[in-house]
**Q** 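There's a structure below that I have some questions on.
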There are 2 protein chains.
Amino acid sequence: MMARKKKGLSERHEKILSFLRAHQKREGYPPTIREIGKATSISSTSVVNYYLDQLEKMGKIERQRKISRGIQLTELNPLGEMFKIPVAGRIVASAPIPVPASDFNYFDAESSVDIARTLLPTRGDQDELFALEVDGDSMIDAMVNDGDIVVMKSGGEPKNGDMVAVWLPERDETTLKYFYKEDNRYRLQPANPTMEAIYIDKDEALEIKGKVVMVIRQIDKTII
Amino acid sequence: MMARKKKGLSERHEKILSFLRAHQKREGYPPTIREIGKATSISSTSVVNYYLDQLEKMGKIERQRKISRGIQLTELNPLGEMFKIPVAGRIVASAPIPVPASDFNYFDAESSVDIARTLLPTRGDQDELFALEVDGDSMIDAMVNDGDIVVMKSGGEPKNGDMVAVWLPERDETTLKYFYKEDNRYRLQPANPTMEAIYIDKDEALEIKGKVVMVIRQIDKTII
DNA sequence: CTTGACGAAGAACGCATGTTCGGGTATTAT
DNA sequence: ATAATACCCGAACATGCGTTCTTCGTCAAG
């Protein structure tokens, strides 16, 4: 008896949208007009169609005319927005980083993490990405803890300000630091601002193993 | 002239599977039998159906009979792989946490992060999840830095060992700590093992705003 | 050679599903 | 009051699309 002419989404719009979400998650494919009708107590397919047209104009959904179940939520990233990144191994301060072979095209599903594309640096070959699990507390000066997952990108020259994983052969040490090239040396700055930078002479060996793109800490890993 | 009776996946099986993957990613809904046929150079729908039946027996796909486009890959987690988590605001040491209203069913696309379900705690209402962006260096003792994104879960009693966001009214302070209930006090343990715990008497006020589920640090946010 | 399983077509059949149309009833504007 | 909207049926219509039936060629075993 009301809720008319109220601009924005009406109750039916909302119900349809949430049904679309639910159905897609539950079944893996979009519903038909009639299914939407049943779920939202709309008896006529034409009314559903009427609302779908409105939702499309509002940009909430996208429709493929003439094809069955051709309805997608624009908000819902059509799966595929995800990137599977292989976990190449563990990273410890006392050992070099296990950089994966350059030709890993398919990887074991067991050892990979899924990251949404929206969280990854846009552009750039994401095939060069790999991940490492941090072993031990030795990276604490980089604000990285035991069990954290470090996503790295191999290849490419590090720019000033990049966080990189470096292997210092003369110290037998792997470390994560912000990288700065200075006149006669490299400055490796810890992420933790309360800690001091270390300096590496230009003639001292230094191997940049990759650029750190992201750090993930899963605190509650409850299974079940 | 060969490839017959070779158990396992034939070339056609592979082609169909990869087309299913591609189509789902590209269009957001499964293809029809005829579309599969066209894409894999199979002229007859019955042949496609023949292979689909085999793939279903092998457990590679799941079919909803009689339903158009009722084909799903089992490999691909049928329940939307990704979870959109609303970013409720920023978290600072000097102010309480902005916990979102309990009835946010739809949220602005602009302020949300996508997290793969595989990285989130299984089970449990994921509707209670929300995210906060860290403002400033004040959470360094929790190994959390400026700009990090903290994913939290509201509701539920904190268990010993959980990392929680607490608001200490008597100190006007928000902090992230591991939570331990001890005899006459609460012990709030920093994530950084080199730092000391703080103790809160049982009669001192303490508000647990949520349980920290995940911390994400995007280091390279390069756009384009 | 015959038989049967397998791979493949093509066409017909029929339910599934999007589209359209004529006809309603409120609410609001003119 | 009349007209203009916005909402809402229900039903017919026209494809879309899964299913099934018939036929055919090939290969391996009996």
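Naming convention: chains lettered A, B, ... in sequence-line order (proteins, then strands); numbering from 1 in each chain. Here the structure is a predicted model, which is why all the values come from computation and not from measurement.
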**Q** Let me know the distance between CG of B:L55 and P of C:dG7, rounded to the nearest Å.
**A** 12 Å

**Q** Can you tell me which nucleotide in D:dG18, D:dC9, C:dT19 comes closest to the side chain of A:R12?
**A** D:dC9

**Q** Which sits closer to the 5' end of DNA chain D, A:S41 or B:I71, going by the nucleotide each is nearest to?
**A**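 Final value for this comparison: A:S41.
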
**Q** In terms of side-chain heavy atoms of A:S43, which of C:dG7, D:dG10, D:dC7 is nearest?
**A**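 For the A:S43 side chain, the nearest candidate turns out to be D:dG10.
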
**Q** Roughly, in whole Å, what's the span from CD1 in B:I42 to P in C:dA9?
**A** 7 Å

**Q** Tell me: CZ of B:R69 to C1' of D:dG18, nearest whole Å?
**A** 12 Å

**Q** Specify the separation, in whole Å, of atom CD of A:Q54 and atom C1' of D:dA6.
**A** 9 Å

**Q** Identify each atom pair where a protein N or O and an N or O of nucleotides 20-24 of chain D are less than 3.5 Å apart, giving names and distance.
**A**
none

**Q** Decide, yes or no, whether a salt bridge links A:K209 with A:E207 under the criterion of side-chain N to carboxylate O below 4.0 Å.
**A**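 Yes, A:K209 and A:E207 are salt-bridged.
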
**Q** Compare the minimum distances between each of C:dT17, D:dG10, D:dT19 and the side chain of B:I33, then state the nucleotide with the smallest one.
**A** D:dT19

**Q** Does atom NZ of B:K181 have more than 12 heavy-atom neighbours, drawn from other residues, nucleotides or ligands, at distances under 6.0 Å?
**A**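 Open.
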
**Q** Less than 4.0 angstrom from a charged side-chain N to a carboxylate O is my criterion; do B:K177 and B:D162 meet it?
**A** no

**Q** Could you work out which one of D:dC17, D:dC9, D:dA6 sits closest to the side chain of A:V47?
**A**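 The answer is D:dC9.
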
**Q** D:dG16 P sits how many Å from B:E27 CD, rounded?
**A**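 Value for this atom pair: 16 Å.
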
**Q** Taking atom P of C:dC15 as reference, at what distance in whole Å does atom CZ of A:R34 sit?
**A** 14 Å

**Q** Of all the nucleotides listed (C:dG18, D:dG18, C:dG7), which has the minimum atom distance to the side chain of A:S68?
**A**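 In terms of side-chain proximity for A:S68, the closest of C:dG18, D:dG18, C:dG7 is C:dG18.
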
**Q** Considering just the side-chain nitrogens and oxygens of A:R63, establish if one lies under 4.0 Å of OP1 or OP2 belonging to C:dT19.
**A** yes

**Q** In whole angstroms, how far is the C1' atom of C:dG18 from the OH atom of B:Y29?
**A**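 One finds 13 Å between C1' of C:dG18 and OH of B:Y29, rounded.
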
**Q** B:Y186 vs B:F179, test: ring pair (Phe, Tyr, Trp, His ring centres under 6.0 Å). Steps then yes/no.
**A** CA-CA 7 Å; B:Y186 299 107; B:F179 174 87; 5.5 Å; yes

**Q** Could you tell me the separation between the CE atom of B:M163 and the NZ atom of B:K211, rounded to the nearest 0.5 Å?
**A** 12.5 Å

**Q** Can you measure B:I67 atom CD1 to C:dG14 atom C1' for me and round it to whole angstrom units?
**A**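 After rounding, the reported distance stands at 16 Å.
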
**Q** Report the residue from B:L132, B:V144, B:V150 that forms a side-chain contact (heavy atoms from CB on, under 4.5 Å) with B:V212.
**A**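 Single side-chain contact (heavy atoms from CB on, under 4.5 Å) partner of B:V212 among B:L132, B:V144, B:V150: B:V150.
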
**Q** Would you list the pairs meeting ring-ring contact (aromatic ring centres under 6.0 Å, His included) in which at least one residue belongs to residues 137-164 of chain B, sequence neighbours left out?
**A**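 Sorted pair list comes back empty.
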
